[in-house]
Amino acid sequence: MNIVLYIAIAIVFCGVGIWLSTTRMRKALLKKSEDMVKEAESKAEIIKKEKMLQAKEKFLQLKTEHERECQERNSRVQQNENKLRQKEQAFNKEVEELKRKSIEFNVAKENLKKQVEKLTLRQQEVEKTYQESVNKLEQLAGLSAEQAKAQLIETLTEEAKSDAMAKIMEIEEEAKMTANQQAKKIVIESIQRTATETAIENTVSVFNLENEEVKGRIIGREGRNIRTLENLTGVEVIIDDSPDAILLSCFDPIRREIARLSLHKLITDGRIHPARIEEVVAKTKKQVEQEVIETGKKTCIDLGIVNLHHDLVRMIGKMKYRSSYGQNLLQHSREVANLCATMASELGLNPKIAKRAGLLHDIGKVPDDAPELPHAIHGMQLAEKYKEKPEVCNAIGAHHDEIEMKSLYAPVVQICDAISGARPGARREVVEAYISRLNKLEEMAMSYDGVVKTYAIQAGRELRVIVAADKMTDQEATQLSFDLSKKIQTEMVFPGMIKVTVIRETRAVNYAK
């Protein structure tokens, strides 16, 4: 019992202690929460005051900016109003000025109308007086006005022709004293500064043999060696009764050169049979092709020409085996290039461009697959294909007048080409073509009225025309020389220059008996 009682008392005391401690804790918590609420209220009041201050400051700032914008807008509006007011005033002044000018114009118009009427009356009077004067003159002269006018026009026309011809002669003489002298100086200096050979290369390849026995070895059994050589090279090997010589015939000089070198190697080696011929010809073709390229490169280096397309370099090398009227094409092109550079320097042009155009001017003669075009046009197309300058392309295409000359380099190339081809011993012409050109010159001169005789002399470089003195005056003879030279220049193709001399003389012959 006592234990139970003790336990109960202990439980009671524990409950009372728990209740007391809980009550104290609740009071402490209530006090703490009240303190926190007060603190929060004070902080909230501070934040509220700060926010209100910030809001007031923002409001004042916005208000200030708005007032400033309003002032600026009002200022701009005021300025625009002032400008409009000034424009309105100026417009009113212009309107008043126009009204004043309109009034003045109407007054001037009336005055002009009156003056026109007076002038019309005056003109009628003048015409009447003029007609009366004309009628009196016709009666006195015995000619009508139209007849007198025709006679006057005819007289003035003859005088104008005479004066024009005299003026032309005067201008030509003056030009000859200045331009011709300077041109001769430039051309002569260019020729003197360009050293060239006058020998002509032979275009026929003749292969010399040591003895007649080699001919049989070249022909081979049943002609198999010579057939193999002809098939591989495209060259006709002509073996006739000529002692110690074989003739190589082909239109292509490169093929002839390949055949000549191949024959030389075969005869030197001593082994001549179809298999060996095939081997030697193949090696010789490579050797000649390499020589062509090396020749092109050496030519460009010697002339100081750079950045040339490799195909053009190869074509320049092939010029070594081409000829024009018996003149070696590479030698001719090098000569023209040097002449062009010298002449361009004298004329104040770029000598490098002139030299380039001079070297490439006959490039259209080289390609094997040349189309049916003049070589100048084909050469111009090749130069354009390989991105040459427009001045170079035009000079190539225009050096035989197939196209219009667009730069000073074109006439320079044309002149230098003529100089190189016209010098003595440079070219050979076919006899028939030479005789035909001389006959055409004489026939062309004989087609004019009053011409008695014509003579083409100095290998066709001078044409002398003898005219009848009773059928042609001195002025008409001068005009004939001018017209004939222009006609020859237009209708004929010739190297160099042709001098046209018209001779008119009067002979009085009597006999004393």
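Atom set for the values below is all heavy atoms of this structure, side chains included, hydrogens, waters and symmetry mates excluded. Only a predicted model underlies this, so the values are computations on that prediction, with no experimental measurement involved.
- Between E257 and R260, at least one side-chain nitrogen of the basic residue sits less than 4.0 Å from a carboxylate oxygen of the acidic one, meeting the salt-bridge criterion.
- Checking H361 against H375 by side-chain atom types alone, no donor-acceptor pair falls below 3.5 Å.
- Residues passing the ring pair (Phe, Tyr, Trp, His ring centres under 6.0 Å) test with H310: none are found, sequence neighbours excluded.
- Among residues two or more places apart in sequence or in another chain, the side chain to side chain contact (heavy atoms under 4.5 Å, CB included) test is passed with T268 by H264.
- Although no hydrogens or angles enter the test, the distance criterion places no donor-acceptor pair under 3.5 Å between the side chain of S481 and the main chain of A477.
- Counting non-hydrogen atoms of neighbouring residues, nucleotides and ligands closer than 6.0 angstrom, the CD atom of E404 reaches no more than 12 such neighbours.
- With sequence neighbours excluded, the residues satisfying side chain to side chain contact (heavy atoms under 4.5 Å, CB included) with Q479 are M165, F482, D483.
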Candidate pair K406 and E391, rule salt bridge (Lys or Arg N to Asp or Glu O under 4.0 Å), full reasoning: CA-CA 8 Å; K406 296 182 179 179; E391 297 90 345; over 6 Å; no
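- The number of heavy atoms from other shown groups lying within 6.0 Å of NZ (K487) is above 12.
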Enumerate, atom names and distances included, each donor-acceptor pair closer than 3.5 Å involving a side-chain atom of residues 448-455, sequence neighbours excluded.
unit_1 : atom_1 : unit_2 : atom_2 : d
T454   : OG1    : E442   : O      : 3.3

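- Residues V392 and I353 meet the side-chain proximity criterion, which asks for heavy atoms closer than 4.5 Å.
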Check step by step if salt bridge (Lys or Arg N to Asp or Glu O under 4.0 Å) holds for R122 and E125. CA-CA 5 Å; R122 181 62 177 168; E125 294 177 358; 3.4 Å; yes
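- Of the possible donor and acceptor atoms, none in the side chain of R464 sits under 3.5 Å from a partner among the backbone N and O of V502.
- Between the side chain of S333 and the backbone N or O of L330, no donor-acceptor pair lies under 3.5 Å.
- Annotation for G379 and I396: closest pair C-CG2, 3.6 Å, computed over non-hydrogen atoms.
- Applying the salt bridge (charged side-chain N to carboxylate O under 4.0 Å, His left out) test to pairs two or more places apart or on separate chains, those with a residue in residues 279-303 are R276-E279, E279-K283, E289-R314, E291-K320, K298-D302, D302-R334.
- Within the 4.5 Å cutoff, no side-chain heavy atoms of K265 are placed close to those of R271.
- Side-chain contact, D401 with Q414: a donor N or O sits under 3.5 Å from an acceptor N or O.
- We find that K440 and E443 are not joined by a salt bridge, their nearest charged nitrogen and carboxylate oxygen being 4.0 Å or further apart.
- Applying the ring pair (Phe, Tyr, Trp, His ring centres under 6.0 Å) rule to H309 yields the partners Y386; only residues at least two apart in sequence or on another chain are considered.
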